[in-house]
There are 2 protein chains.
Amino acid sequence: MANQMDSLFSALADQTRRDVVERLTRGEAPVKELAAPHDMALPSFMKHIDRLEEAGVVSTRKVGRQRIVALTPGAFGPAETWLDRQKQVWEGRLDRLEALARKIEAETNTFPGDDP
Amino acid sequence: MANQMDSLFSALADQTRRDVVERLTRGEAPVKELAAPHDMALPSFMKHIDRLEEAGVVSTRKVGRQRIVALTPGAFGPAETWLDRQKQVWEGRLDRLEALARKIEAETNTFPGDDP
DNA sequence: GCAATAGTTAGCTTAATGGCTAACCAAATG
DNA sequence: CATTTGGTTAGCCATTAAGCTAACTATTGC
């Protein structure tokens, strides 16, 4: 994956991984527990954890024979920022269009060339 | 791609496609113009447009021999909503933890069993 | 009407994804 | 100490993604 944002968005582009994230917002948990609701072999499931970790969404530490997985605070920041910026530019453009529309409206309600 | 959110997030998990989105926030454009900054064969580029369209991020219409591409208003809604909800639950949990911490703090500042 | 332009269709290649099994290792438990 | 438990490693498979070229179609402009 080229850049950070690619791996962040693509980490979230999978139901299994989003489920894991949702579970983790309610507190960290070992892999086995996270895997339980997903009908999937452990090695397959671990790949999802790996992808979340590589994307920085999650961090893990080993405690005894368990691997504890926890959400990384602020991990979604870049994604949210990007989405917000798009909305901002988009809405800025709509505002300008609206202003223009109002101006044209005003002008058509008078004779053309009323205010030279 | 299974569900809607999968294809939405994965549509954004690519620099080329995010570039297209950013360009489109400043107004619709024909495919050729969108493709110009990207060193890529047209058919390859068109696949990106197709993916954006399938994800509902973009809509297209044919005008003469051109295909005009425009951003779909509110297309990011589901993604933003999901991200917001995670933050909300996450922060709610932090709040409860903080409250708990304060309570413990208060209790350790008195004799245990002071208020039975 | 002929040439250039803007896509489109078809078919190919390479690499990444998402899943599996089998076999292994290390910590915990009876 | 033997067994179970929780991961881990290795290797395989099918599908999808992301790129390409070549050849075709439909509009537009001279």
Side-chain angles (χ1 to χ4, degrees), chain A residues 1-24 27-71 79, chain B residues 1-24 27-71 79:
Chain A
M1 209 79 56
N3 61 68
Q4 175 61 27
M5 211 109 104
D6 282 13
S7 57
L8 176 49
F9 276 119
S10 97
L12 301 177
D14 179 284
Q15 187 63 57
T16 300
R17 292 192 291 263
R18 284 195 305 275
D19 285 351
V20 169
V21 168
E22 290 184 18
R23 165 63 187 78
L24 290 177
E28 59 180 31
V31 170
K32 196 72 191 310
E33 187 185 325
L34 294 171
H38 301 278
D39 185 24
M40 192 182 297
L42 236 214
S44 312
F45 184 78
M46 278 297 296
K47 284 198 198 173
H48 288 296
I49 301 293
D50 289 347
R51 296 215 14 163
L52 286 170
E53 188 164 20
E54 273 152 32
V57 172
V58 121
S59 68
T60 76
R61 69 203 139 92
K62 199 99 197 234
V63 173
R65 69 186 159 182
Q66 305 190 105
R67 177 166 300 277
I68 309 295
V69 186
L71 223 50
Chain B
M1 208 79 53
N3 61 67
Q4 176 60 27
M5 211 110 104
D6 282 13
S7 56
L8 176 49
F9 275 119
S10 96
L12 300 178
D14 179 286
Q15 188 62 58
T16 300
R17 292 192 290 265
R18 285 194 305 276
D19 285 350
V20 169
V21 168
E22 291 185 17
R23 165 64 187 77
L24 289 178
E28 59 181 29
V31 170
K32 196 73 192 308
E33 186 185 324
L34 293 171
H38 302 278
D39 185 24
M40 192 181 295
L42 237 215
S44 313
F45 184 79
M46 278 296 297
K47 284 200 197 170
H48 288 297
I49 302 293
D50 289 347
R51 295 214 17 164
L52 286 170
E53 188 164 21
E54 272 152 33
V57 171
V58 121
S59 68
T60 75
R61 69 203 138 92
K62 198 99 198 232
V63 173
R65 69 186 157 182
Q66 304 189 108
R67 175 164 302 277
I68 309 295
V69 185
L71 224 50

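Proteins get letters first, then strands, A, B, ... in listed order; numbering begins at 1 in each.
- Of all the residues in residues 61-71 of chain A, A:G64, A:R65 reach under 4.0 Å from DNA chain C with at least one non-hydrogen atom.
- In this structure A:R23 satisfies the side chain to side chain donor-acceptor pair (under 3.5 Å) test together with A:E33, sequence neighbours excluded.
- For A:D14 and C:dG19, the CG to C1' distance is 11 Å, given to the nearest whole Å.
- Rounded to whole Å, atom P of C:dG11 lies 13 Å from atom NZ of B:K47.
- To the nearest angstrom, P of C:dG18 lies 13 Å from CD of A:Q15.
- One finds the CD1 atom of B:I49 at 12.0 Å from the OG atom of B:S44 (value rounded to the nearest 0.5 Å).
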Between side-chain atoms of residues 58-67 of chain A and protein atoms elsewhere (two or more places apart, or another chain), which donor-acceptor pairs fall under 3.5 Å?
unit_1 : atom_1 : unit_2 : atom_2 : d
A:T60  : OG1    : A:E53  : OE2    : 3.3
A:T60  : OG1    : A:R67  : NH1    : 2.8
A:R61  : NH2    : A:E28  : OE1    : 2.7
A:R61  : NH2    : A:E28  : OE2    : 2.4

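- What separates CD1 of A:I49 from P of D:dG6 is a distance of 15 Å, to the nearest Å.
- Contact annotation: the side chain of A:L12 never approaches that of B:L12 to less than 4.5 Å [non-hydrogen atoms, C-beta and beyond].
- For DNA chain C, the neighbouring residues in residues 29-45 of chain A, judged by any heavy atom under 4.0 Å, are A:M40, A:A41, A:P43, A:S44.
- The CG-P distance, from A:D6 to D:dA18, rounds to 9 Å in whole Å.
- Axis deviation across the helix from C:dG1-D:dC30 to C:dG30-D:dC1 amounts to 20°, comparing end segments of five pairs, rounded to 10 degrees.
- A distance of 10.5 Å separates CD of A:Q15 from CZ of B:F9, quoted to the nearest 0.5 Å.
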Kindly indicate, with the supporting measurements, whether the criterion side chain to side chain contact (heavy atoms under 4.5 Å, CB included) is fulfilled by B:V21 and B:R17.
-> CA-CA 6 Å; B:V21 168; B:R17 292 192 290 265; 5.7 Å; no
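- Proximity of B:V20 to B:H48: side-chain heavy atoms (C-beta onward) are nowhere separated by under 4.5 Å.
- For A:P37, there are no side chain to side chain contact (heavy atoms under 4.5 Å, CB included) partners at least two apart in sequence or on another chain.
- Note: A:K32 NZ to A:L34 CG = 11.5 Å, rounded to the nearest 0.5 Å.
- A distance of 10.5 Å separates CG in B:L52 from OG in B:S7, rounded to the nearest 0.5 Å.
- Residue B:H48 has no polar side-chain atom (N or O) positioned under 4.0 Å from OP1 or OP2 of D:dA17.
- Side-chain atoms of B:T16 and B:R51, non-hydrogen and from C-beta on, never get closer than 4.5 Å to each other.
- When the side-chain nitrogen and oxygen atoms of B:R51 are compared with OP1 and OP2 of D:dT16, none of them lie within a distance under 4.0 Å.
- Between the P atom of D:dA22 and the CE atom of B:M46 lies a distance of 20 Å, rounded to the nearest Å.
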